[in-house]
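Remarks on the structure that follows.
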Protein chains: 2
Amino acid sequence: MSKLLVAEIPRECGDCPIRHRAVCARCEADELELLDQIKYYRTYEAGQTIVWSGDRMEFVGSVVKGVGTLTQTMEDGRRQVVGLLLPSDFVGRPGRETATYDVVATTDTVMCCFRKKPFEEMMVRTPHIAQRLLQMTLDELDAAREWMLVLGRKTAREKIASLLSIVARRDATLNLHAGGPIEFELPLTREAMADYLGLTLETVSRQINALKREGVIELKGKRQVTVPDFDRLSEEAGDDSDGGMLS
Amino acid sequence: MSKLLVAEIPRECGDCPIRHRAVCARCEADELELLDQIKYYRTYEAGQTIVWSGDRMEFVGSVVKGVGTLTQTMEDGRRQVVGLLLPSDFVGRPGRETATYDVVATTDTVMCCFRKKPFEEMMVRTPHIAQRLLQMTLDELDAAREWMLVLGRKTAREKIASLLSIVARRDATLNLHAGGPIEFELPLTREAMADYLGLTLETVSRQINALKREGVIELKGKRQVTVPDFDRLSEEAGDDSDGGMLS
DNA sequence: GGTTTGCATTGATGCAGATCAAACGCGCGA
DNA sequence: TCGCGCGTTTGATCTGCATCAATGCAAACC
């Protein structure tokens, strides 16, 4: 059923896995060749589970196209999304055998994968890959901690605005956006958003429509979002905008 | 005012910073010597801020004794603790100039510090330090994500039980505890707990006393906690106890 | 001893968001 | 074209926790 073609795989995925987020200038030709040897692509349909929590992980990799979530579930069914996977994000944990979370594709998704064992061996032999991975992990840690503030202290409206703000920002940087209204496709169902934000899907629906009524966002259909004024959205999210007042 | 003496500094802090959590078997004599040259101790009183968010970080290090928090504050004063710092935890972020969070000592605290610049240089020359740091950061990331589930989906009572459970577990492993009731000093004020759990201090107080009334915990004074049955506490926290049912 | 000061507890009340319940709308296969 | 199913919206009601306001209580200081 997957409608993704190999032709759609972005060019920049050709080389170093680390290049997805930021160019790794120190990757040498022979390293790239080695990486190419252990590299392969996998495609997933919307809704498909990529990895089950507890399963043996046999690869690491990064998202090339599409969106996924890292999800944790309690015995009684309460669910929390603990991470969003947007294009360029890294998945997998070197040095750990089994997955800690469910990884689910929320849209049709292409992953660039590396067999775990050879990748780990390469990490040992190539120090700057470990160093780059450390940077990426520290970024993820910052993101997780920022999200703790969202979950612990923000109102439903602020939570929604925070989520939209994050997706909008990522989308804008990915497409080298320069000023003007930002437009993007919301890659999550109301339920997935609720699970990310610690809300119910009903509350998500109500708050999104409230933001729409008040002109903070515009909606075409249920998923296509336009943000006419990003600063306004940030303000709704409760982020320090501070417009450069900081020293 | 600090009543901590040099004599109280634990022995195992003498060598590799990475040794605090787990012995780093690969540290060689000359590396240890190098680390010793850039190492120094700092003590802080309860309530003292170790680093202000936005400040220049001039050291990294790990907690030797005492407890601290990483805190994020919104403009309007809402506060969220995004990380607990227990003995052996690492503080600071190699490769970043300024601190992202307030670091606050909640009890009298001893830190083992390394000047940041030389430490970073050492990291480049000594790959396994970066690798060890990567492991530690991945552990922290897991902890942060587990906490996202707590913040997003658990009830006030479960939140309290989760916090007690974490502190109890850390305390038990640190003191090589073997069976029987666990006893420890709660290192946080009601307010700090509230800020960690995304609650108000009143709710924290009520729920703690509810757990006490129902015999899940015992209290001596306001801080000294006894956990007669750790499994019972885990259950209250909503953790999968599963007692070995899992394959 | 009295007073201050800084947590912690306790009680009364209100509200944001959960829960329960229905209906809508839209794509898709028969 | 119909109707089925899934994601979404909308409405009515309930409730867990926040909020506001005292009060308690022990250590520190005069």
Side-chain angles (χ1 to χ4, degrees), chain A residues 1 3 45-48 69 74 76-80 104 106-108 150-163 185-213 217 219-225 236 238, chain B residues 1 3 45-48 74 76-80 104 106-108 150-164 185-213 217 219-225 236 238:
Chain A
M1 283 291 276
K3 298 178 190 75
E45 295 167 55
Q48 208 179 343
T69 57
M74 292 171 69
D76 61 8
R78 279 178 283 177
R79 214 173 300 152
Q80 178 67 45
V104 182
T106 60
T107 67
D108 288 350
V150 173
L151 289 173
R153 290 303 186 196
K154 291 196 178 176
T155 64
R157 166 184 266 251
E158 289 169 329
K159 284 178 173 181
I160 296 287
S162 297
L163 174 58
E185 173 103 9
L186 246 186
L188 302 171
T189 64
R190 299 286 184 264
E191 188 178 25
M193 286 189 257
D195 286 340
Y196 195 30
L197 298 165
L199 298 170
T200 59
L201 62 90
E202 292 95 329
T203 300
V204 170
S205 178
R206 282 185 246 268
Q207 296 296 337
I208 284 188
N209 289 324
L211 289 177
K212 178 185 167 190
R213 269 196 305 281
I217 58 170
L219 283 181
K220 288 193 186 61
K222 292 163 191 304
R223 298 290 196 88
Q224 194 67 27
V225 181
E236 290 288 351
Chain B
M1 281 291 276
K3 298 177 189 74
E45 294 168 54
Q48 205 178 346
M74 292 171 68
D76 61 8
R78 279 178 282 177
R79 213 175 301 154
Q80 178 67 45
V104 182
T106 60
T107 67
D108 288 350
V150 173
L151 289 172
R153 290 302 185 197
K154 292 196 179 177
T155 64
R157 168 185 265 249
E158 289 170 329
K159 285 177 172 181
I160 295 287
S162 298
L163 174 58
L164 292 173
E185 172 102 8
L186 246 186
L188 302 171
T189 64
R190 299 287 183 261
E191 188 179 25
M193 286 188 256
D195 285 340
Y196 195 29
L197 298 166
L199 298 170
T200 58
L201 63 89
E202 292 95 329
T203 300
V204 169
S205 178
R206 281 186 247 268
Q207 296 296 339
I208 285 187
N209 289 323
L211 289 177
K212 177 185 166 190
R213 269 197 303 281
I217 58 170
L219 282 180
K220 287 193 185 63
K222 295 164 191 300
R223 298 290 196 88
Q224 194 68 26
V225 180
E236 290 288 351

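Because the structure is predicted, anything quoted here is derived from the model rather than measured. Lettering follows sequence order; numbering is per chain, from 1.
- If you take CD1 of Ile208(A) and P of dG7(D), they are 15 Å apart, rounded to a whole angstrom.
- The interatomic distance linking Arg190(A) (CZ) with dG17(C) (C1') rounds to 17 Å, in whole Å.
- Here the P atom of nucleotide dC17(D) and the CG atom of Leu201(B) are 15 Å apart, to the nearest Å.
- Sorted by first then second residue, the salt bridge (Lys or Arg N to Asp or Glu O under 4.0 Å) pairs that include residues 196-205 of chain A, not counting sequence neighbours, number zero.
- Residue Thr189(B) places no side-chain N or O under 4.0 Å from the OP1 or OP2 atom of dC7(C).
- Of the candidate nucleotides dG17(C), dT8(D), dT9(C), dG17(C) has the atom nearest to the side chain of Thr155(A).
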For DNA chain C, what string of dots and brackets results from 5' to 3' when Watson-Crick and G-U pairs need both distances under 3.5 Å, crossing pairs get [ ], and pairs with another strand get |? ||||||||||||||||||||||||||||||
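- If you take CZ of Arg213(B) and P of dA8(C), they are 17 Å apart, rounded to a whole angstrom.
- Arg223(B) comes within 4.0 angstrom of sugar-phosphate atoms only, judged by non-hydrogen atoms across all strands, and of no base.
- Rounded to a whole Å, the CD atom of Gln224(B) is 17 Å from the C1' atom of dC7(C).
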Could you go through the side-chain contact (heavy atoms from CB on, under 4.5 Å) check for Leu219(A) and Asn209(A) one step at a time? CA-CA 9 Å; Leu219(A) 283 181; Asn209(A) 289 324; 4.3 Å; yes
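- The CD-P distance, from Glu158(A) to dA16(C), rounds to 13 Å in whole Å.
- Using a 4.0 Å cut-off, no side-chain N or O of Thr203(A) falls inside it from OP1 or OP2 of dG17(C).
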N/O to N/O distances under 3.5 Å, protein versus nucleotides 20-25 of chain D:
unit_1: dC20(D); atom_1: N4; unit_2: Glu202(B); atom_2: OE2; d: 3.1

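- Lys154(A) places its NZ atom 14 Å from the P atom of dG17(C), with the value rounded to the nearest Å.
- Listed candidates were dT10(D), dA8(C), dC17(D). Nearest to the side chain of Ala156(B) is dC17(D).
- Rounded to whole Å, atom P of dG7(D) lies 15 Å from atom CG of Leu186(A).
- Screening Asp195(B), Leu163(B), Thr189(B), Leu199(B) for a side-chain contact (heavy atoms from CB on, under 4.5 Å) with Val204(B), the sole residue that qualifies is Leu199(B).
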